[in-house]
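Take a look at the structure set out below.
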Amino acid sequence: MSTGSAVASATERDEFNPFLAMAERFETAADHLGLDAGVREVLRTPDRELTVSCPIQMDDGTLRVFKGYRVQHNFLRGPCKGGIRFAPDVHLDEVRALAAWMTWKCSVVSLPFGGGKGGVICDPRQLSQAELERLTRRYTASIMDILGPDRDVPAPDMNTNEQTMAWIMDTYSMHVRKTTTAIVTGKPLSLGGSRGRTEATGRGVMLACREALKKLGMRPESSRVVVQGSGNVGGIGAMLLHREGYKVVSISDMYGAIYNENGLDIPAVLRWLKEHKALEGFPGAKQLDNDEQLALDCDVLVPAATENQITSQNVHRIQAKLIVEGANGPTTAPADKALEERGVMVVPDILANAGGVTVSYFEWVQDRMGYFWTEDIVNSRLEQTMVSSFNEVDSVATKYGVSMRTAAYILAIGRVAEVYRLRGVFA
Ligand code: NAD
């Protein structure tokens, strides 16, 4: 285990390095808060980074070794919380950034958690279900010394889902010799999952969009929305926006986008996607590539796919008046500055997509109580959290005269710094 160096010199900065992007936003907020150098170093440095090698027997009998990571960024406000992703391009800096974002996200919405994140370098599309199960179980066993309901609680992220969480829960439970449902969130309902968890991130995006629209004096019925990504966040977010009366004119997946200026029938699009495994060919829609989609004339853009999508290279072509970040880190720091200068409102990831971790928190609470809530209770508590957090960030933005992003970081980092001041340095 090692800790990573947090901030490189300006000349080493790389627009597409998510950890440096996070660190740059951290420094801006820390300047506003007047944090001293020592506290900054403590707060931006990950507490623990674990790298593991997972040997897996493939279906054809050969052996392969997959590399996995778990980064625990900060424990000051409670156990670490954060997803696990399976993807070919997972790397440590990305996992570090995602873990730090989770610390700030949990703090923005006042959850009693720190931030963690995990990833395994693999291409899940090339693996059978049996291989995925063996990989998930071995990865869990390899990192389980640092997991636990009071230590670190994983959840799904890109290319992991309820089934992955069920395997993690089972593997952990078999090792500790008792069923421990609170070890992961995003589980199936029958294993201690929460009602409303699958839709939670998309629902949070829809609520953040609603609050931002009110501030801009815009109405859902006259707002054209472009959604990048059609997975858990993008697909469900688009569906809920469609239900609220927004005109979703375009949605994409990793292969490309579909567009209809009169609005897409999102339930039909999602049925098509389920059946054909791609959006391509959806009747009555024009096919676009992913770059063209981001440049569409629209009112609201919801990047809900992956990081580094709105960059210094394409920011000048973005036409949306409002960006609601469903994905983590979809806008690079230079692009952010350009959007701010142009007066484009950005509801930042650590606020806009916090619905997922909020209902994950509800799931963890329900598992520990052994008492489960109705979907209405979950949804209304989520709405309360999203609306009050949006208003708190908005007040900080007004008080400091900064963007919603900088305000969210000021709020989040200020809360963690306050806990650090009260707890003091353990030695
Ligand atoms: P997912 O795997 O369910 O879906 C990802 C979607 O993005 C798919 O439709 C995929 O085809 C598409 N995609 C991938 N690369 C793309 C590209 N370059 N251009 C266009 N589309 C592309 O993942 P998800 O859970 O929806 O997560 C999406 C983002 O939201 C990630 O950044 C994740 O960290 C973040 N997030 C997820 C949750 C959650 O609860 N699932 C919570 C908070 C944040």
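Both counts, for ligands and for their atoms, begin at 1 and track the order of listing. On a predicted model such as this, the values are computed, not experimentally measured, just so you know. The first residue of the sequence shown is numbered 1, and numbering continues consecutively from there.
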Write out the residue and atom name of the closest protein heavy atom to [atom], then the distance separating them to 0.1 Å.
atom: atom 15 (N) of ligand 1; result: Met254 CB, 3.9 Å
atom: atom 6 (C) of ligand 1; result: Gly231 N, 3.8 Å
atom: atom 2 (O) of ligand 1; result: Asn159 N, 3.5 Å
atom: atom 20 (C) of ligand 1; result: Asp253 O, 3.3 Å
atom: atom 18 (N) of ligand 1; result: Gln309 OE1, 3.9 Å
atom: atom 32 (O) of ligand 1; result: Asn328 N, 3.1 Å

*Could you check which of Ala327, Ala305, Gly355 puts a non-hydrogen atom nearest to atom 28 (C) of ligand 1?*
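Minimum heavy-atom distance to atom 28 (C) of ligand 1 goes to Ala305.
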
*Name the option, out of Thr201, Leu279, Asn232, Val233, that contains the heavy atom nearest to atom 27 (O) of ligand 1.*
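Closest candidate by heavy-atom distance is Val233.
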
*asked:* Against ligand 1, does Ser230 come closer than 4.0 Å with any heavy atom?
replied: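 It does, in that a heavy atom of Ser230 comes within the 4.0 Å cut-off of ligand 1.
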
*At a 4.0 Å cut-off, with the gap strictly under it, does some heavy atom of Arg85 reach an atom of ligand 1?*
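Contact present.
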
*Using a heavy-atom cut-off of under 4.0 Å, does the side chain or the backbone of Arg197 touch ligand 1, or both, or neither?*
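Only the side chain of Arg197 comes within reach of ligand 1.
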
Should you measure from each heavy atom of [X], which atoms of ligand 1 turn up under 4.0 Å away?
X: Asn290; value: 19 (N), 20 (C)
X: Gly326; value: 30 (O), 35 (C), 44 (C)
X: Ala304; value: 28 (C)
X: Gln228; value: 19 (N), 20 (C)
X: Asp157; value: 33 (C), 34 (O)

*Distance from Ser380 atom OG to Glu375 atom CD, nearest 0.5 Å?*
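Here the rounded value is 11.0 Å.
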
*So, for Phe113 and Tyr361, is the gap between ring centers shorter than 6.0 Å?*
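Between Tyr361 and Phe113, which both carry aromatic rings, the centre distance is below 6.0 Å.
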
*Option among Trp101, Trp104, Phe19 that satisfies the ring pair (Phe, Tyr, Trp, His ring centres under 6.0 Å) test with Phe26*: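 The ring pair (Phe, Tyr, Trp, His ring centres under 6.0 Å) with Phe26 is passed solely by Trp104 among Trp101, Trp104, Phe19.
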
*Applying side-chain contact (heavy atoms from CB on, under 4.5 Å) between Val226 and each of Ile318, Leu296, Val248, Val302, report the one that passes.*
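Single pass found, and it is Leu296.
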
